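Everything below concerns the one structure shown next.
By convention in this document, chain letters (A, B, ...) are assigned in the order of the sequence lines, proteins followed by strands, and residues within each chain are numbered from 1. The structure displayed is predicted, hence computed values, not measured ones.
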Number of protein chains: 2
Amino acid sequence: MPKGFPKTNFLNSDVPEVVLNRLPIYLRILNQLQQQQVKVTNSKELATYMTVEPSQIRKDLTYIGRFGLNGKGYSVKTLKNNLQKFLGLDASWNTVLIGGGRLGKSAVDLINQQKNKTFRIAAAFDPSPNMVGKRIMRMRIQNLKDLERTLKTRNIKIGIIATSNNSTQVVANILVNNRINYIINFSGFSPKLPEYVLLKNLDPGLQVESMTYHLRQSRLNKG
Amino acid sequence: MPKGFPKTNFLNSDVPEVVLNRLPIYLRILNQLQQQQVKVTNSKELATYMTVEPSQIRKDLTYIGRFGLNGKGYSVKTLKNNLQKFLGLDASWNTVLIGGGRLGKSAVDLINQQKNKTFRIAAAFDPSPNMVGKRIMRMRIQNLKDLERTLKTRNIKIGIIATSNNSTQVVANILVNNRINYIINFSGFSPKLPEYVLLKNLDPGLQVESMTYHLRQSRLNKG
DNA sequence: TAGATTGTTAATCGATTAACAATC
DNA sequence: TAGATTGTTAATCGATTAACAATC
C-alpha cells in the first residue's frame, strides 16, 4: 500500500500496520498451497514467496496466535482459517459505492474479484444527475442527495469512492459526517479527512509511478 | 504498497523504496495545489496532507535535488516538473496487456485514468482462444502464442497481467523469458519470479483485506 | 531419540524525527 | 535586517533479522 497520503494513524490495535499489510499476502500464499494440495508448510517455505526472512514470518504469525506444530511447521488449513478470522474476512461488510461510471464499474469488478464476498455493495450513487436511474450490478444508481438517508438508515460500514477527482472531497465529507470511518478511494484525488478515518487510496497510478523511476534508471545506465 | 509478495529487491538505485513510494503522493498533492492556483508551498503545508513530519518531506526531496527557496518554501511548478522528470513520468513507456476480459478492461480503465499517457498499451493478448479477435481499446486481442514474437520485435518495457489466476504464472514466465523486467499484475495470484524482476501486485484485495481487521476490532470494542 | 522447526529474545539495521546552522 | 524555511546532521524510534532454547 502506498503509505500514508492523508493522516490515517488508525491505531485502535496493537498489531503494527506493516504486519497487518503482510497478512493478506500470507493468506494468498496459503490459498495457493492449498490448491496444490499442500497440507503442511513452514516459515522457510513461506519465505520463498516473499522478500522476508523466515523469522519475520514466525514473528508476524505470533500476533494472530500460536498455531505452529513444533518441529513440523504450520497446518495450511488451520493457519488459513485463523488468518481469515483474524482479518475479519469471515464476515460480510456492507458498503456503498459512489460513482457509477467507468471507474465505478472497474472498482466493482476488482472488488468482486475475490471469492469470499467480504465486501457487499448495498447501494450505489452518483453525483451526476444523468447517471441517476442507470444500473450497476443490477442496482439502480441513486442521486447523491439520497446517500445521507441511506447511511442513516442502513448498516453501512465502508464507502467506496469511484467518482471523478473533483467530487472526491465532497463525497468523502458526506461519508465521514455520517459515521463512515472506512473509505476505499479509487479516484486520483486523496481527500483530507480526520485522522481517525481509515482511507485506502487504490488509484493504481500511485503504485505504478515509482516503477517508471527504475525503468528510467536502467535506460540511463545502458547509455 | 503492500510490501514484498515475491522477491523484488530491485535496487539498481540509491533511493530507498519507501521514499520512492512517497514521491507519487507528493506529485498528487502538488497537482492539487496547482489546481488551486497555489504558486509556492512548503514542507509544513505538504505535511498536512500526509502522515509524515515536515522534516521527512524535506529529506525525501533532497533525493531528487535541491529545489527549495530558502526562507520561502518550494515553487509548486518547479517541484512538480522535477518530480515528474525524476520519476520518468515525462516519457511514454510501451506495455503489453494480457487478459482482455472484465479484469483487462478494468485494468485498462484504471491505468488510463491518469492524464499523462505514461503507460501506452501497444498490444493486447489473451490465453483463451475465444477471446482472440475481440477488441479492447480499439486493439485486436491476439493469441497468447503471438506474445513472444511481439516482445521480440517491438520495444515493450512493461507487461500488464489481467488474466485469471491460473494463467498468471505462465504469462509471467513468457514475459520474463523475453526480457520484460517490469510487471503490473492485477490478478489475485502472485507469480514467483527472479529477484531482478520488479512486480507490482495491484490486486485490490491485498490492500483492502487489512481494513476489515480494524472494522472487526472496532466492533469487538463496542460490544 | 535425533532432527526439525517453532516461538521469542537480543542484536542489527534502517527509517523517522528533532534540532539547528545556513540561507534567502 | 528579522523572519522564515530550507538542507542536513544527530538522536530516536521501530522494524527486521539472527540466534537459540523449548518443543514435538
Once you apply a heavy-atom cut-off of 4.0 Å, does B:Phe67 come out as touching a base, just sugar-phosphate, or nothing? sugar-phosphate
Nucleotide [N], atom [atom2] - distance to [atom1] of [X] in whole Å:
X	N	atom1	atom2	result
B:Arg58	C:dA15	CZ	P	19 Å
B:Gln56	D:dT6	CD	C1'	16 Å
A:Lys44	C:dA4	NZ	C1'	10 Å

Can B:Asp60 and B:Arg22 be counted as an ion pair, charged N to O under 4.0 angstrom? yes
Thinking salt bridges, do A:Lys105 and B:Asp109 make one under a 4.0 Å N-O criterion? no
In Watson-Crick or G-U wobble terms, with both distances under 3.5 Å, the base opposite D:dA22 is C:dT5
Does any nucleotide pair with D:dT12 by Watson-Crick or G-U wobble geometry, both distances under 3.5 Å, and what is it? C:dA15
Please evaluate the base of D:dG7 for a donor-acceptor partner in the side chain of B:Arg66 within a cut-off of under 3.5 Å? no
Please tabulate the protein-to-nucleotide N/O contacts below 3.5 Å involving nucleotides 22-24 of chain D, giving atom names and distances.
from	atom 1	to	atom 2	distance (Å)
D:dT23	O2	A:Asn70	OD1	3.2

Contact under 4.0 Å: A:Ser43 side-chain N or O vs C:dT6 OP1/OP2: yes
Examine D:dT16: is either OP1 or OP2 under 4.0 Å from a nitrogen or oxygen in the side chain of A:Arg22? Give yes or no. yes
Between A:Thr62 and B:Lys59, whichever has its closest DNA chain C nucleotide further toward 5' is A:Thr62
